[in-house]
**Student:** 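Take this structure first; my questions come after.
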Amino acid sequence: MFISVVSLFPEMIKHLASFGVLGRAFENQIASLQCLNPRDFATDSNKSVDDRPYGGGPGMLLRTEPYAAAIEAAKERQPSNPVVFLSPQGRLFSQESALQFANGNGITLVCGRYEGFDQRLIEKYADDEISLGDYVLSGGELAALAVIDSVVRLLPNALGSNESASQDSFSSGLLEHPQYTRPEIFDGQAVPSVLINGDHAKIEQWRIKQALGRTWANRPDLLEDRELSDHEKELLQEYVAEYNAR
């Protein structure tokens with residue numbers, strides 16, 4: 001997978017992408033990354049990338065020319081990659097979105113700053129617009145890194161176990177079940193006995209019930225779009241009864 005990022009702060013992207021899962025994935029050439037700074041494509045003596053908005057208003061807008069040139073440079077190397085703008089006006093990014101991108105050959109992410117992009121830039125180049133949520137960041141770099149991390153970890157061999165990604169929260173449409181490791185007792189609290197008895201069928205049932213219950217308690221909106229089997233309904237009812245009895 002080949003990932004391009006158009007950003008005024010490429011050092012931020014490169015630095016944070018050098019750690020952990022991302023760092024290993026790029027080092028092992030599971031994915032590759034290039035960063036393009038629009039300022040390098042500005043043609044005036046001041047290397048300007050922003051200007052005042054027509055019609056007035058606070059702040060500065062990003063100019064079309066340097067960003068267009070940077071995007072064209074990215075497209076020249078990987079013409080088939082979708083161009084995705086990071087924007088508060090974009091659709092909400094999700095695990096399903098990450099999986100769609102992971103199944104492709106790459107992606108070009110365009111990071112905004114200041115008051116955002118000239119609309120003509122979006123209309124000409126954007127194949128997609130993505131938002132992380134209903135809040136505003138100072139720039140698209142952190143959003144781009146979140147997208148890159150969530151996509152790259154889905155690639156084969158990016159994680160220590162290829163099963164890890166499939167068991168993450170949201171991969172099944174539910175939040176992940178609770179996890180425990182040694183010591184068996186911490187601060188007077190013991191690991192649930194079902195996880196210690198070695199009965200894998202009971203462990204699996206417990207995990208499903210906990211995932212359903214955790215989703216019901218913390219993200220009930222996820223259950224609205226999920227059709228539960230009769231067995232899952234039964235497990236959820238058990239969880240709710242136990243929860244209300246605490």
Side-chain angles (χ1 to χ4, degrees), residues 16-17 19-25 30 86 88 90-103 128 130-137 142-246:
L16 292 179
F19 294 94
V21 170
L22 281 184
R24 290 192 297 273
I30 294 170
L86 287 312
R91 67 182 177 92
L92 191 63
F93 186 67
S94 66
Q95 187 70 10
E96 183 180 354
S97 307
L99 186 58
Q100 290 172 352
F101 289 137
N103 286 331
D128 205 346
I130 292 258
S131 170
L132 291 190
D134 297 335
Y135 52 90
V136 178
L137 298 170
L142 291 177
L145 283 160
V147 172
I148 294 169
D149 189 279
S150 62
V151 170
V152 169
R153 70 193 314 278
L154 293 174
L155 300 178
N157 302 316
L159 300 178
S161 166
N162 287 331
E163 294 182 1
S164 295
S166 65
Q167 295 179 4
D168 284 340
S169 291
F170 307 112
S171 293
S172 64
L174 302 172
L175 300 184
E176 190 177 16
H177 56 78
Q179 300 269 25
Y180 298 87
T181 188
R182 293 175 179 79
E184 187 175 327
I185 297 176
F186 169 71
D187 198 26
Q189 290 187 300
V191 173
S193 58
V194 66
L195 300 178
I196 301 172
N197 63 22
D199 188 326
H200 294 290
K202 288 184 178 180
I203 290 173
E204 182 62 21
Q205 292 304 299
W206 180 87
R207 286 175 170 171
I208 294 171
K209 183 167 81 170
Q210 295 301 313
L212 287 163
R214 180 178 276 189
T215 305
W216 167 79
N218 297 328
R219 288 292 304 277
D221 56 297
L222 295 176
L223 293 178
E224 294 174 4
D225 299 324
R226 181 185 172 90
E227 186 174 347
L228 300 181
S229 67
D230 290 340
H231 182 55
E232 287 176 328
K233 290 177 182 177
E234 182 180 339
L235 290 174
L236 180 56
Q237 289 172 355
E238 288 180 12
Y239 182 96
V240 173
E242 295 167 4
Y243 182 91
N244 290 332
R246 293 175 186 170

**Student:** Once rounded to the nearest 0.5 Å, what's the spacing between atom CG of Leu236 and atom OG of Ser229?
**Tutor:** 10.5 Å
**Student:** So Leu212 and Tyr239, do their side chains get closer than 4.5 Å, heavy atoms only?
**Tutor:** no
**Student:** Give the minimum heavy-atom separation between Leu175 and Ala211, together with the two atoms involved.
**Tutor:** O-CB, 3.3 Å
**Student:** What closest approach, in Å, do Arg214 and Glu176 show between heavy atoms, and which atom pair accounts for it?
**Tutor:** NH1-O, 2.9 Å
**Student:** For atom CG of Asp221, is the number of surrounding heavy atoms from other residues, nucleotides or ligands below 6.0 Å larger than 12?
**Tutor:** yes
**Student:** OH of Tyr243: more than 12 outside heavy atoms within 6.0 angstrom?
**Tutor:**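 No.
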**Student:** If you define the side chain from C-beta out and look only at heavy atoms, does anything of Thr181 sit under 4.5 Å from Val191?
**Tutor:** no
**Student:** Do the side-chain N and O atoms of Arg91 and Ser97 include a donor-acceptor pair separated by under 3.5 angstrom?
**Tutor:** yes
**Student:** Show the nearest heavy-atom pair for residues Glu227 and Glu232, with the distance to one decimal.
**Tutor:** O-OE1, 4.2 Å
**Student:** Are side-chain heavy atoms of His200 and Glu204 found at a separation under 4.5 Å?
**Tutor:**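 No, every pair of side-chain atoms sits at 4.5 Å or beyond.
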**Student:** Please confirm whether the backbone N or O of Val240 pairs with a side-chain atom of Asn244, one donor and one acceptor, at under 3.5 Å?
**Tutor:** yes
**Student:** For the CG atom of Leu137 and the OG atom of Ser131, what is their distance to the nearest 0.5 Å?
**Tutor:** 8.5 Å
**Student:** I'd like to check Leu142 versus Leu132 (side-chain heavy atoms, cut-off strictly below 4.5 Å). Are they in contact?
**Tutor:**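 Sidechains of Leu132 and Leu142: no contact.
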**Student:** Give me the ring orientation class for Phe101 and Phe93: parallel if the planes are under 30° apart, tilted from 30 to 60°, perpendicular past 60°.
**Tutor:** parallel
**Student:** Looking at Phe186 and Pro183, what are the two nearest heavy atoms and their distance?
**Tutor:** CB-CG, 4.4 Å
**Student:** Could you report the tightest heavy-atom contact between Ile148 and Leu22, atom names first, then the distance?
**Tutor:**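 What the structure gives for the nearest pair is CG2-CD2, 3.8 Å.
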**Student:** Quick check for you: to the nearest 0.5 Å, what is the distance between Leu195 atom CG and Gln179 atom CD?
**Tutor:** 8.5 Å
**Student:** Hey, could you give me the NE2/CZ distance between His177 and Arg207, rounded to the nearest 0.5 Å?
**Tutor:**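 That separation rounds to 4.5 Å.
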**Student:** Just how far is it from atom CD of Gln205 to atom CD1 of Ile208, taken to the nearest 0.5 Å?
**Tutor:**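 Answer rounded to 0.5 Å: 5.0 Å.
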**Student:** Counting N and O atoms only, with roles assigned by atom type, does the side chain of Arg153 sit under 3.5 Å from a partner on the main chain of Leu159, one being a donor and the other an acceptor?
**Tutor:**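 Side chain of Arg153 to backbone of Leu159, a donor-acceptor pair under 3.5 Å: no, none is there.
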**Student:** Do the non-hydrogen side-chain atoms of Leu174 and Leu222 ever get within less than 4.5 Å of each other?
**Tutor:**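 Side chain of Leu174 against side chain of Leu222, heavy atoms only: no contact under 4.5 Å found.
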**Student:** Heavy-atom distance under 4.5 Å between the side chains of Leu154 and Gln95, does that happen here?
**Tutor:**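 Sidechains of Gln95 and Leu154: in contact.
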**Student:** Does the side chain of Glu242 come within less than 4.5 Å of Lys209's, by heavy atoms?
**Tutor:** yes
